[in-house]
Amino acid sequence: MWKVIIRRLLIMIPQLFILSVMVFVLAKMMPGDPFGGLIGPNTDPKQLEALREAAGLNDPWWQQYINWVQNAFHGDFGMSYTMKQPVTTLIGSRMVNTFWLSLLAMILTYLLAIPMAISAARREGSWWDRVLLIYNSVTFGIPAYVVYLLFIFIFGFTLGWFPTGGTVSPSVTGFFPVLMSKLYHMILPAITMALLGTTAIFTYLRSGILDEQGQDYVKTARAKGVTENRVFSRHILRNALLPIAANFGFVITGLLGGAIFAETIFGYPGLGQLFITAITGRDYSVITALILLNGLLALFGAMLSDIIMAIVDPRIRIE
């Protein structure tokens, strides 16, 4: 097990280097600079040039990259020029909201997708199986923002069952009431993300169950007189869940990335909403930090999937 973890950590070193170079190059290719938003009718060009010089924007690109990486290692991503706060502080305050929203959405996604896949696979070819296949095909193809807007209109504005923005009601005080208010504000975006995120898990698990049902060891167990429920729970389902376990890390990073649209449309103050705000305000220091963070989460998600796969499949540890 430790060999698998160490090997994945060593592989991540060149991946992190390539990721940092790509993020830096993309940031340099963006038009303008962080001080472009300060330009006005009475702006002194000399003052802007002094700010660029102080920020190191006139240094050679390789020197800028080295300085940026060194500061990033120390958790310093500079200042947000539109929000007038350190980028690290700004991201830290929003990361908690995105984490809890993504966690709730992930739990609901698995609670929906796994029973759907099991019931569809055990009733292959039935009307229920066709309904679930059509549902997952539609949710995979329909734009997410359309569903988000529809749910806000129906459950937020028309019925008034859920709030349409924020993380907690302003009038709420006390630990437990604040906690319940935060959960209440997360329910609608989390449910909507879960309803749209079942396709991958449903497809993998349904296909895995159907494949395992025709294996020789399943036929042997049935020939020995093992009950169908025991064959399914002890043999078919256990092996069919292996791809789901391997996909767990990617589901986490996918939810964090998908929260960009959900948080923006639902007015939920997390990293996704911060990313859109930074793009519209050309806040390059925030944009580069968020892109780098998202890339790091993708790499750690891939590593987590490999580790989980090594835990549930001994053949990987042997190799």
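Here the structure is a predicted model, which means the values were calculated and not measured.
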Could you walk me through whether Ile291 and Phe275 pass the side-chain contact (heavy atoms from CB on, under 4.5 Å) test, one step at a time? CA-CA 9 Å; Ile291 293 176; Phe275 186 65; 3.9 Å; yes

For the hydrophobic clusters of this structure (ILVMFWY residues joined by side-chain heavy atoms under 4.5 Å, transitively), does one cluster hold both [X] and [Y]?
X: Leu188; Y: Val146; value: yes
X: Leu133; Y: Trp127; value: yes
X: Trp161; Y: Phe157; value: yes
X: Val138; Y: Tyr148; value: no
X: Leu210; Y: Phe202; value: no

Provide the closest heavy-atom pair for [X] versus [Y] in the form atom of the first, atom of the second, distance.
X: Thr109; Y: Ala105; answer: OG1-O, 2.6 Å
X: Ile209; Y: Ala117; answer: CD1-O, 4.3 Å
X: Thr139; Y: Leu195; answer: CG2-O, 3.8 Å
X: Ala194; Y: Thr198; answer: O-CG2, 3.2 Å
X: Leu132; Y: Ser119; answer: CD1-OG, 3.7 Å

Please determine whether the number of non-hydrogen atoms from other residues, nucleotides or ligands lying under 6.0 Å from atom CZ of Phe162 exceeds 12.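 It does: Phe162 CZ has more than 12 such atoms within range.
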
side-chain contact (heavy atoms from CB on, under 4.5 Å) between Phe140 and Leu196: does it pass, once the steps are laid out? CA-CA 7 Å; Phe140 180 75; Leu196 296 176; over 6 Å; no

Given side chains that start at C-beta, do those of Ile152 and Thr192 come closer than 4.5 Å, heavy atoms only?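 No, side chains not in contact.
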
With heavy-atom distances below 4.5 Å as the criterion, would you say the side chains of Arg94 and Pro269 are in contact?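 Yes, at least one pair of side-chain atoms sits under 4.5 Å.
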
Rounded distance [0.5 Å steps], [atom1] in [X] versus [atom2] in [Y]:
X: Leu205; Y: Tyr110; atom1: CG; atom2: OH; answer: 10.5 Å
X: Ser102; Y: Ile107; atom1: OG; atom2: CD1; answer: 11.0 Å
X: Leu149; Y: Ile154; atom1: CG; atom2: CD1; answer: 11.0 Å
X: Glu263; Y: Thr98; atom1: CD; atom2: OG1; answer: 3.5 Å
X: Leu290; Y: Ile287; atom1: CG; atom2: CD1; answer: 8.5 Å
X: Lys182; Y: Leu101; atom1: NZ; atom2: CG; answer: 12.0 Å

Is a side-chain N or O of Ser93 found less than 3.5 angstrom from the main chain of Leu90, in a donor-acceptor match?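 Looks like yes, one N/O pair under 3.5 Å.
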
Mark yes or no for whether Tyr268, through its side chain, and Asn97, through its backbone, hold a donor-acceptor pair below 3.5 Å.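 Looks like yes, one N/O pair under 3.5 Å.
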
Candidate list Leu296, Val21, Leu292, Val69, test side-chain contact (heavy atoms from CB on, under 4.5 Å), partner Leu16, passing option: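 Checked Leu296, Val21, Leu292, Val69 against Leu16; only one passes side-chain contact (heavy atoms from CB on, under 4.5 Å): Leu296.
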
All pairs passing salt bridge (charged side-chain N to carboxylate O under 4.0 Å, His left out) where residues 116-134 contributes a residue, at least two apart: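 Passing the test, one end in residues 116-134: Asp129-Arg206.
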
What I want to check is whether the side chains of Tyr65 and Ser20 have a donor and an acceptor closer together than 3.5 Å.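 On atom types as modelled, these side chains qualify, holding a pair under 3.5 Å.
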
Would Trp100 and Met186 count as a side-chain contact (heavy atoms from CB on, under 4.5 Å) if you check the C-alpha gap in whole Å, the side-chain angles of each, and the deciding distance to 0.1 Å? CA-CA 8 Å; Trp100 288 115; Met186 287 191 295; 3.8 Å; yes

Apply the test side-chain contact (heavy atoms from CB on, under 4.5 Å) to residues Asn136 and Met116: give CA-CA distance (whole Å), side-chain angles for both, the deciding distance (0.1 Å), then the verdict. CA-CA 10 Å; Asn136 282 276; Met116 287 167 56; 3.5 Å; yes

